[in-house]
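Basis for what follows: all heavy atoms, side chains included, without hydrogens, waters or symmetry-related copies.
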Amino acid sequence: MTLTPGLRAQLLIMVEREDTATKVGSGDVPVLATPRLLALAEQATVRAVTGALEPGQTSVGTKVALEHLVASPVGAHVEITAELTEVDGRRLVFAFTARDRHTTVATGTVERVVVDRERFLSRLTR
């Protein structure tokens with residue numbers, strides 16, 4: 001498999017108390033936290049390219065744009081879909097959408113860069 005636009009992945013979650021702004025500290029209301037939503041979007045981007053990377057490669061996040069449009073209460077089901085829209089050398093650009101049963105919850109983009117896992121980790125010695 002190769003890295004080409006169109007690779008996709010979906011996640012379906014039910015919002016739990018651990019996912020809320022109150023629990024993660026990003027606010028004081030019991031709704032899906034924006035940082036948690038971002039983590040789910042990134043998880044979907046990782047899944048989208050699983051199997052398409054060469055052995056020893058991984059991808060790391062470098063840039064994010066997220067518009068969180070609608071609050072999702074505990075118990076809501078939210079589906080996050082990520083699609084690879086651009087491949088520019090090692091740079092990967094994904095579009096993502098989060099939807100509940102009624103509406104679009106969030107949209108955005110995530111950029112990732114393909115790296116050699118061992119080389120990347122070896123540079124972390126500080």
Side-chain angles (χ1 to χ4, degrees):
M1 189 177 240
T2 59
L3 291 169
T4 57
L7 295 174
R8 298 170 54 104
Q10 293 179 316
L11 303 172
L12 177 62
I13 64 132
M14 183 177 80
V15 178
E16 304 279 349
R17 294 206 186 285
E18 293 75 28
D19 300 316
T20 64
T22 305
K23 186 68 174 179
V24 304
S26 65
D28 62 2
V29 289
V31 297
L32 179 61
T34 302
R36 182 69 179 116
L37 180 58
L38 174 56
L40 292 163
E42 286 202 278
Q43 183 180 355
T45 66
V46 170
R47 283 189 185 180
V49 296
T50 296
L53 297 173
E54 296 293 324
Q57 289 183 328
T58 190
S59 66
V60 295
T62 58
K63 185 176 181 181
V64 174
L66 182 151
E67 188 172 7
H68 198 162
L69 304 166
V70 176
S72 303
V74 171
H77 290 88
V78 178
E79 182 178 70
I80 300 95
T81 303
E83 180 175 348
L84 181 60
T85 59
E86 182 181 343
V87 178
D88 181 16
R90 297 184 313 123
R91 182 175 151 266
L92 310 176
V93 180
F94 298 85
F96 71 87
T97 304
R99 293 190 51 83
D100 65 17
R101 289 183 12 206
H102 307 286
T103 191
T104 299
V105 171
T107 62
T109 58
V110 173
E111 290 189 22
R112 301 183 70 81
V113 173
V114 176
V115 298
D116 178 274
R117 181 180 284 109
E118 286 186 26
R119 187 177 321 153
F120 179 81
L121 292 174
S122 73
R123 293 181 179 166
L124 297 180
T125 57
R126 293 183 190 187

Subject >> Note, L69 side chain near V105 side chain (heavy atom, < 4.5 Å) >> reply: no
Subject >> Note: K23-E16 ion pair, threshold 4.0 Å (strictly below) >> reply: no
**OP:** Drop me the distance from L66's CG to T109's OG1, to the nearest 0.5 angstrom.
**Re:** 9.0 Å
Original post:
Under 4.5 Å between any side-chain heavy atoms of T4 and V87, yes or no?
Top reply: no
Original post:
Any side-chain heavy atom of T20 sitting closer than 4.5 Å to one from L32?
Top reply: no
**OP:** Give, for atom CD of E54 and atom OG1 of T2, the distance between the pair rounded to the nearest 0.5 Å.
**Re:** 9.5 Å
**OP:** May I ask you to decide whether R36 forms a salt bridge with E18, counting only side-chain N to carboxylate O separations under 4.0 Å?
**Re:** no
Subject >> Value rounded to 0.5 Å, distance of CG in D19 from CG in L37 >> reply: 10.0 Å
**OP:** Taking the side chain as every heavy atom from C-beta outward, state whether V70 and T104 have any pair of such atoms under 4.5 Å apart.
**Re:** no
**OP:** Check whether more than 12 heavy atoms from other residues, nucleotides or ligands sit under 6.0 Å from atom CG of D88, and answer yes or no.
**Re:** yes
Subject >> Check: F120 and V60 side chains under 4.5 Å, non-hydrogen atoms >> reply: yes
Subject >> Smallest separation among heavy atoms of L3 and A52, with atom names >> reply: CD2-CB, 3.8 Å
**OP:** Indicate yes or no: at least one non-hydrogen side-chain atom of L40 is less than 4.5 angstrom from one of F96.
**Re:** no
Original post:
Taking atom CD1 of I13 and atom CD of Q43, what is their separation to the nearest 0.5 Å?
Top reply: 9.5 Å
**OP:** Report whether V24 and V74 are members of the same hydrophobic cluster (ILVMFWY, side-chain heavy atoms less than 4.5 Å apart, transitive linking).
**Re:** no
**OP:** Kindly give the heavy-atom pair with the smallest separation between I80 and V78, and that separation in Å.
**Re:** CD1-O, 3.9 Å
Original post:
Is the closest side-chain heavy-atom distance between L84 and V93 below 4.5 Å?
Top reply: no
Subject >> Worked check of side-chain contact (heavy atoms from CB on, under 4.5 Å) between L11 and R47 >> reply: CA-CA 9 Å; L11 303 172; R47 283 189 185 180; 2.7 Å; yes
Subject >> Considering all heavy atoms, the nearest A48-A82 contact >> reply: CB-O, 4.4 Å
Original post:
What pairs of residues pass the side-chain hydrogen bond (donor to acceptor under 3.5 Å, both in side chains) test when at least one of them lies in residues 64-84, not counting sequence neighbours?
Top reply: R8-E83, Q10-T81, T34-H68
Subject >> Single hit among R91, R90, R112 for side chain to side chain donor-acceptor pair (under 3.5 Å) with S59 >> reply: R112
Original post:
Between V113 and L92, is any pair of side-chain heavy atoms under 4.5 Å apart?
Top reply: no
Subject >> E42 side chain to A39 backbone, donor-acceptor under 3.5 Å >> reply: no
Subject >> Euclidean distance, E111 CD relative to T45 OG1, rounded to 0.5 Å >> reply: 11.5 Å
**OP:** May I have the step-by-step check of side-chain contact (heavy atoms from CB on, under 4.5 Å) for F94 and V49, ending in yes or no?
**Re:** CA-CA 10 Å; F94 298 85; V49 296; 3.7 Å; yes
Original post:
Above 12 or not: heavy atoms from other molecules or residues under 6.0 Å from CD of E118?
Top reply: no
Subject >> Side-chain donor/acceptor of T103 to backbone N/O of R99, under 3.5 Å >> reply: no
